Structures are given as structure tokens and as C-alpha cells.
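See below for the structure under consideration.
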Amino acid sequence: MAYLGMRFKETWAYRIEILMWVLKPMLQLILLATVWRAVYNGHSSMDGVPLVVMTTYVSLSAMHTLLMQDNMPDWVEERVRDGLIGADMLRPMSLLEQVVWGSVSQVIMKLVLLVFVIPVAAIFSGLTPPAAIGPYLVAALLGWMINTCLMMLMSAVVFWTLEMGGMTFLYYTISGFLSGALVPLWFMPGWLAGIIGALPFQATVYTPVAIYVGQIGGGAAWQAIGVQGIWLVLLAALVALVWRSAERRVVVQGG
Amino acid sequence: MPLIETRDLVKEFRRLRPKQGRFAAVRKLFSRDYEVTRAVDGVDFGIAAGELVGYLGPNGAGKSTTIKMLTGILTPTSGEVVVSGVVPWRHRQRNARNIGVVFGQRTQLWWDLPLIDSFRLIGKLYQVPDATYRVNLKRFVDLLDMSPFVDTPVRQLSLGQRMRGDLAAAMLYEPPILYLDEPTVGLDVIAKERIREFIADLNAESGTTVILTTHDMDDVERLCKRLLLIDHGKVLYDGAVDPLKEKYSPHRELMVRLASPAEVAVAGAKVVRTEDSRVWLSFDPKKVRAAALIAEVSAAYDVTDLSVTEPDLEDVIRTMYAERRVP
Amino acid sequence: MWWQLRAAGYLFSGAIRGMAQYRADVVFTVLAGMFYQVTTFLAVWVILARFQAVAGWGIKEIALLYGMRVFSHGLWVLPLNQMHQLSRYVQEGTFDRFLVRPVNPLVQLMFTRVRFNALGDLLGGVTLMIAGLCMVHIDWTVWKVIYLVLGVIAGAMVEAGIQLALSSLSFRFVKAARARYTVDDLFNMFGNYPARMFGSVGMWTLTLIPVTFVAYLPATVLLDRVGAEGIPSIIAYLSPIVGPMVFISGYAIWMSRLRDYSSTGN
């Protein structure tokens, strides 16, 4: 708990930056909402999908994407570069746990910031109540956990290459598209949706948001959650494996 | 016509008053509540060509701010400054050709490149003719003994080596004026002496006008004939070193070593310190001549060794500032 | 003027020589930049594959608009890539040095270090613009070709000028310069789409900012859609003039803000 408090304080120190950060998703959702409205061109529904659903999708996916963004890879890279990672590893809490708690502190802060985003979303985009709140919350939590695992895998790379540089940016770009944040899977051509559906990224943002707006309903929702669960287990195992050998690497290299 | 001239130079800094409490940062964004600091408060002086001037003052006195206005880094709030016929902040690039600047803490050399590459770049940026460049390069490499490391990347150089590199780089294009900001800070005794010698030679032989800011009193004693003391943005003293010493610390000290510890009492002198068999006597050379005092003490006591010391410039300056602070 | 160019050359070669160790990182970042531009367009493509048009602009027209804007963006981001270092230089005091050298401080800022990361943006932009030019149907004339070239360059100047002006905030307010990024986001996001989509108020706001001058207005001219978009034709035709105007103002502001420079340390 104390560690969480400490990481939280670290994040609080950058509150002005973070506030500025929030502007971007706000702009993004205003833009996307406008695009979709223009695309619908007066029709209240296309392909069986009402416009309100689309605008709500845009709002929710912007908010979820905000929650998914995390400085974990940069934090790890910085600690490795400055040589402090050795000290981190000596703490009573394992490095893995530290990194997770760091992400927790960030997501809490972002949840608070969402308070500012919600009114903007409601006014400029759309925000209907959730179609199924229970499955949504479960899917959202699972989505965040999967995202954290992916972040951890990304961060682990730095133990081998020592320099992240463009890789995190590349990751955000690709995952941004693949997570369904920009375009929902149901509007994509079949083959593309198939590929994206097979990857874990869409489980982070698309699944919970689609459940929220009701595009994935009832039994299908729980199926999707099941898929999330499988991904989580797979990724968590991968993370454990990768981190163990990453930490071993640090010890070998002397920090 | 002085080479460097300032008239009623003022520099104010406006800073938002720090806010406390909740949402301090946000309130600060919208605040119009400024506090104004007068870092330099009406400074007047003229420096002639060929002088070697020490510019001293405690931290925050306005020293660096003045130098930054002379070099064109800062724009004055009011007042005039003219360096070699150029107003520095108005014609920075023209002013830059006339000056060499060495910042003690920050290097002007290219960090990732070998030292020689930095020299070459400087030569090109200042449009130094090839022949002149080669002559000066050789001269400085020899004078400052840089050949062992002239091909080493700057980031691998020691502080002393870097400082020598910076000095050479500043002089490669033969500027008539050289500003040195704490050039000996962090250096060992030998390195310091080498730098001081270089500066003294530069001033004596090439006639380079040197303005030196430093906290090191040995630098001042060794190099400066004239001192400009600044405190709280104003010039406290502008003149030669000796009169300063005389005015603020007219006493000299006679140290005598006795054969065996004893109480010493002599007319015209005051015992300021005793340590084992050594006694320090303070006296006013205007009232009592050193020679007379020595004779008197030697006659009355068994003296095995003695020395006479000048007032310490550091003490002098400390006294000066202390006195000044009394309103 | 020529002197500044030569000085830039000297600084540039010095910077390149000092760069050897950073090579690996560059490849990734360039790739990432390219990817970024291409994938965000892909999202638009997917939408338009399904829904033929946005505010009367089909996929081909949007491809041209998008490509022009991203190319303009890449054109200034690459040379001015060191701009974000300004606040660091100011804080570390390195900027002092630029003011005591006989070279324009902006030139020194641009060329003392070079990073080719932004090449990704430029390459992405080139790709998109070429794709757009291939896809769209335009009645090409010599004037239109010239107009295209001018429009793209002017677009770069608009963005660069604004970024320059904003970066000069670094001289006085270290943190306020972050506003640059938000404004950059604004241009990056809203500049790629036909402004008419945002309604009359939205379009005029974007014109005043002036996002629409970057690619949208020149594109309307090339596509012979000038009157239809709701902005007076004269403004659209003369849009390339705005570029140099904004850039010169931005530059003037930057140079004049040097007076605010308060330098740190001591």
C-alpha cells in the first residue's frame, strides 16, 4: 500500500502534463464523432447500427484508450538506463509487482481525469447508458489486465536491447489500430476483422466497449469475456517467463 | 573611449509569486501577481582595452546577470551597454565576433567529437583564415600542453583538460575581449596555476581585455589589477586591489615563532592568535613600521622565525560586504 | 543570409559526425513514424470502404487531402526536429552559448544536433500523397501542378510558423511550451479531414486557427470544389500566401521573444 502511495505521488507530480494529455483524447473523440456523423449522413442507423451507438462507441473507446496508456515501458527503460533498476530489484516487493502497482496508480489517476472527459463526450459525441453493466465491468477489468500484460512484455524488451526508442511509439500506433479504438470491428471487412479478432489487442478496448454499447449481447458477451480470460492466462504465463529471464539478465550484467 | 561601457544598467526579473495551497499550479497559470527582482540596479563602469578586471560578488549579487548583459545573452531592462562599439543584445552576432566566453560550468565544445574537431568547427564558424587558424592552434596546443588529448572526444576529457580546451577555443579567433566565468573552479592546484599563467600571458602579450568572475581569491590576487565588486545589484567598489586592502583592512600581521611559548605584549601591536609557540600580532603599518616592530619583538623575546603577511583579500571583501549590509 | 546557410552546413556536418552511436534507434523511430501516419489513414480507409463518402468527399479525395496534409507536416517536422529540445537547452543553460556565437540562434538550434526520426513522418506523408495523387481524378494543368507544390510548401510554413511562435514561450515559461503539443495534435487530427464536416462554425474556427490553410483549401482548389465548400473562393485561391505570412510572423515572434530569455543558473 505504501508503495502504491509513493508511485501515486510520483504521478501526481506530473499532474499538469497529465491534464494536457487529457486534451488529446477529448479532441480525438470530437473528431471521430464528427466523422461518424458525417459518414452516416443523416441516417439514424446504418447496417443495423444506430448513430447513437457509434458516437457512444467513440466516447467509450477514447476513454478506454486513455486508461490503457501507461508509461511503464518508459519508466522501466529509464530505470535501466540510469542503473537504478538494480536498487529496485532489491526491494522487498518483486520488480513485477512494482511495475503493476505503478500501472495501478496511473489508472486510478486517469479514472479521476475521466470526470473531465465525460461531460465533453456527452455534449460533443454521445453517451448512452450501458447495455449490460455487469459484463461490461468484468470485460473492462480483464481488458485492462490484458493491456498491462502486453505493457509488461513490451517493457521487458528493454532488458535486451537497452534502448526502447521508437519501439514504444510503434507499439502504440499498431495497438491503437488493432484495439478497435479507431474503427469498430463490425464495420471492418470480414478478413480484417478476422485477423484482428485473433489478436489480443482487441480484447483490451473493443471487447468491453462493444459490450457496453450492446453490439455484443447476452451469451456472446460472456463468450467474449471467456476469450479475454484465455488471453489473460496465456499472456500472464508469458510475462512470468519473460520477466524471470529478464531479471536474470540484470543480475548477470550487474545492473 | 572605453572598450566596454555600461551606463545605469538595470535588469529586472519578473516572476510569478509562488502560490501555496490547493490547485496552486492552476491558480498560478491565471495569476497576474508578479514579484519583481532587481538583479542589477544601476551599474556604471567603463573598461579600457587591455585591462584585466576581476568582477566579484557573492552569489545572487548580480554578477552573472551583468556579464550576461555584456555578452548579449540578456536584454537589459533599462540603461546602456556598449561593447567595442556594438550594443550586445541588439547585434548579438556582431558582438559575438569580438568576444570569447568561457563558462566554468558549461563547455562550449562539441561533446561527442574529438577536441580537434571542436577547434575546426569554431575556426569555420568564426571565419578564421586558414593560416591564422593553424598558427593559433599550434600556439595554444603548445601553451596549454594539449597535444596528448587533442584527438580525444570531449566527453572523455578531465575537467582540467576541458577547461584548457575551452580557453583555446575561445581565443582561436583572437577576440579582443575575453569573459571568464569561474575558469578555475574544480581544478587542482597545478591546473589552476597553468590556467592563470595562460590568462596573464594573454593579457600581457596579446593585450586581450579580460573580465574575470571568480570566487577564488587566489585568482584575483594573481591576475587582477582592478576589481569591480558588486552586491545587491550595485557596484560597491571599482578600483585597484591595494587601495581596497588599505581601506578595509589596514592591518598587517606579524607571525613570530618563539623558542618556547610565552606571553607576548608589545606596544603598537595586538595579539590576535597564539598556537603553541607561534604568536600572531596585528599592527597598523601606518602607525608602526614593520621593521621597527620586528626589532622590538626580537629584542624582547627569543624569536626563532617570523613572517609578515598582507591582509587576506577574502577577509577584506568579507568585511566590505558585512559593512555594506548595515543599513 | 548565405553566411547562415554555410554556418548551418558546418554545424550539420559536426552534428552528423557526433551521431554515429545513435543509429539503431533511428530505424525503429522512422519506421514507427511511417506506420503511424499510414495506420491512422488506414482507419479512415476502412470507414470509407464501407461508407462511400464523408461530407461529400469520397475516399479518393480524402486520400489526396490526407496525403497533402501529412506531407506538409513532414516537411517542417524534419528540419525543425530539434525544436522540442529548446526547453531543455534553456533549462540546462546550453542556449546561452547560442547567443554568443556569430550565427543565428535558430539556425544553431536546428543544426547543432540532428535526429532523423521525423523522416518517418515525411516518408509516410510522401507515400500517402502519392497514393492520393494516383487515386484521385484531377484535370491537371501547369498551374495546378505549381499550385500543388506551393500549397504543400505553404502548408508546412503555416504549421511551422505557429509551432515556432509557441516554442518561443520556452524563453519565459518553461512549462507553457507544452501547449505546442496540443496545438500540433489539433492540426494533425483536424487538418486531414474536409473542414466542412464540422459545420459552419467548426469550419470557420478551423480557418481562423488556421488549420484549413494547410491542406484543405489548396485541395479544394485542385479538386475544383472551391465554391461548394462554403469558404469564399478568393480565400481558397490565395491560401498559399498565408503560409509565408504565418511563418515570417512566427519567426519574428521567436526572435523578439529572445528578449524575454532570462537564462538560468548563477
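Each chain gets a letter, A, B and so on, in the order its sequence line appears, and its residues count up from 1. Quick caveat: nothing in here was measured; it's all calculated off a predicted structure.
Counting heavy-atom pairs under 4.5 Å between each of A/Ile30, A/Leu32, A/Val39 and chain C puts A/Val39 at the top.
Taking CG of C/Leu186 as the reference point, atom CG of A/Leu23 lies at 10.0 Å (rounded to 0.5 Å). Atom CE in C/Met197 sits 5.5 Å away from atom CG in A/Leu31 (nearest 0.5 Å).
The local environment of CZ in A/Phe124 is sparse, with at most 12 non-hydrogen atoms from other residues, nucleotides or ligands closer than 6.0 Å. No more than 12 heavy-atom neighbours from other residues, nucleotides or ligands sit within 6.0 angstrom of OH on C/Tyr36. In this structure, C/Phe111 places its CZ atom where more than 12 heavy-atom neighbours from other residues, nucleotides or ligands lie under 6.0 Å away.
The side-chain hydrogen bond (donor to acceptor under 3.5 Å, both in side chains) test applied to C/Arg257 returns C/Asp260, not counting sequence neighbours.
Contact of the A/Leu27 side chain with the C/Phe190 side chain is registered, since non-hydrogen atoms from C-beta on lie closer than 4.5 Å.
Of all non-hydrogen atoms in A/Gln28 and C/Met189, the two that sit nearest each other are OE1-SD, 3.0 Å.
For C/Ala53, the part lying near chain A is the backbone, with the side chain staying farther off; criterion is any non-hydrogen pair under 4.5 Å. The contact between C/Tyr193 and chain A is made entirely by side chain atoms (from C-beta outward), counting heavy-atom distances below 4.5 Å. Interface residue A/Val183: only side-chain heavy atoms are found under 4.5 Å from chain C.
Scanning residues 184-199 of chain A against chain C with a 4.5 Å non-hydrogen threshold yields A/Phe187, A/Met188, A/Pro189, A/Leu192, sorted by number.
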